[in-house]
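Predicted model, so just to flag it, every value in this text is computed and none were measured.
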Amino acid sequence: RDELTDLVVRLKTGGKLFNEMVKAQGAKLNPNNQETIRNFNQANDYLIHKFEEVIKQIKQLQVENMEKQKLIVSEGK
């Protein structure tokens with residue numbers, strides 16, 4: 001989970017930096033490059049969203065596992 005959280009932060013930071021660099025190029029970009037940038041941003045946003053979903057699922061599974069462990073311990077007494 002920590003690795004995925006770190007990856008999300010890196011994707012967000014890298015995407016922001018990339019777009020700042022693109023903006024610095026301004027009108028120098030041809031339409032093909034503009035389309036490539038749009039596609040990259042869509043893919044980056046998709047990955048960030050999916051990794052955040054996985055992180056949420058991992059947290060939920062950890063909570064469920066802790067609850068099961070507590071139940072096992074309480075039944076054993």
Side-chain angles (χ1 to χ4, degrees):
R1 181 188 76 172
D2 292 339
E3 292 173 352
L4 287 177
T5 301
D6 181 56
L7 185 56
V8 166
V9 170
R10 289 175 187 229
L11 285 170
K12 287 180 178 180
T13 303
K16 183 178 178 183
L17 176 62
F18 177 73
N19 284 299
E20 287 174 7
M21 293 171 65
V22 167
K23 286 179 186 175
Q25 291 293 312
K28 297 178 186 176
L29 296 173
N30 66 43
N32 188 41
N33 287 344
Q34 290 173 353
E35 180 66 22
T36 300
I37 291 164
R38 273 192 296 278
N39 290 338
F40 169 80
N41 283 327
Q42 287 176 346
N44 194 46
D45 289 344
Y46 174 83
L47 289 173
I48 289 169
H49 176 74
K50 288 299 179 183
F51 286 141
E52 287 174 336
E53 284 182 353
V54 171
I55 292 166
K56 193 181 294 183
Q57 290 173 354
I58 290 171
K59 286 180 183 178
Q60 182 60 37
L61 288 172
Q62 288 174 330
V63 167
E64 290 174 9
N65 189 39
M66 288 175 55
E67 290 171 355
K68 286 179 185 177
Q69 291 299 323
K70 287 178 186 177
L71 183 62
I72 291 170
V73 169
S74 68
E75 288 177 351
K77 289 184 178 180

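Among pairs with a residue in residues 43-54, those fulfilling salt bridge (charged side-chain N to carboxylate O under 4.0 Å, His left out) read Lys12-Glu52, Lys50-Glu53, at least two apart in sequence or across chains. Residue pairs meeting the ring-ring contact (aromatic ring centres under 6.0 Å, His included) criterion with at least one member in residues 30-72, sequence neighbours excluded, are Phe18-Phe40.
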Side-chain donor-acceptor pairs of residues 58-71 under 3.5 Å, sequence neighbours excluded:
unit_1: Gln60; atom_1: NE2; unit_2: Glu64; atom_2: OE2; d: 3.2
unit_1: Gln62; atom_1: OE1; unit_2: Arg1; atom_2: NH1; d: 3.3

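Remark: Asn32 CG to Ile37 CD1 distance equals 10.0 Å, nearest 0.5 Å. Atom CD1 of Ile55 and atom CD of Glu3 lie 11.0 Å apart (nearest 0.5 Å).
With a 4.5 Å cut-off between side-chain heavy atoms of Ile, Leu, Val, Met, Phe, Trp and Tyr, the cluster of Leu17 takes in Met21.
Hydrophobic clustering (side-chain heavy atoms under 4.5 Å, transitive across Ile, Leu, Val, Met, Phe, Trp, Tyr) keeps Leu47 apart from Val9.
Checked against side-chain hydrogen bond (donor to acceptor under 3.5 Å, both in side chains), Asn33 has no partners two or more places apart in sequence or in another chain. For the side chain to side chain contact (heavy atoms under 4.5 Å, CB included) test, residues two or more places apart in sequence or in another chain that qualify with Glu35 are Arg38, Asn39. Not a single side-chain hydrogen bond (donor to acceptor under 3.5 Å, both in side chains) links Asp2 to another residue, sequence neighbours left out.
The backbone N or O of Leu11 lies less than 3.5 Å from a partner atom in the side chain of Asn44, making a donor-acceptor pair.
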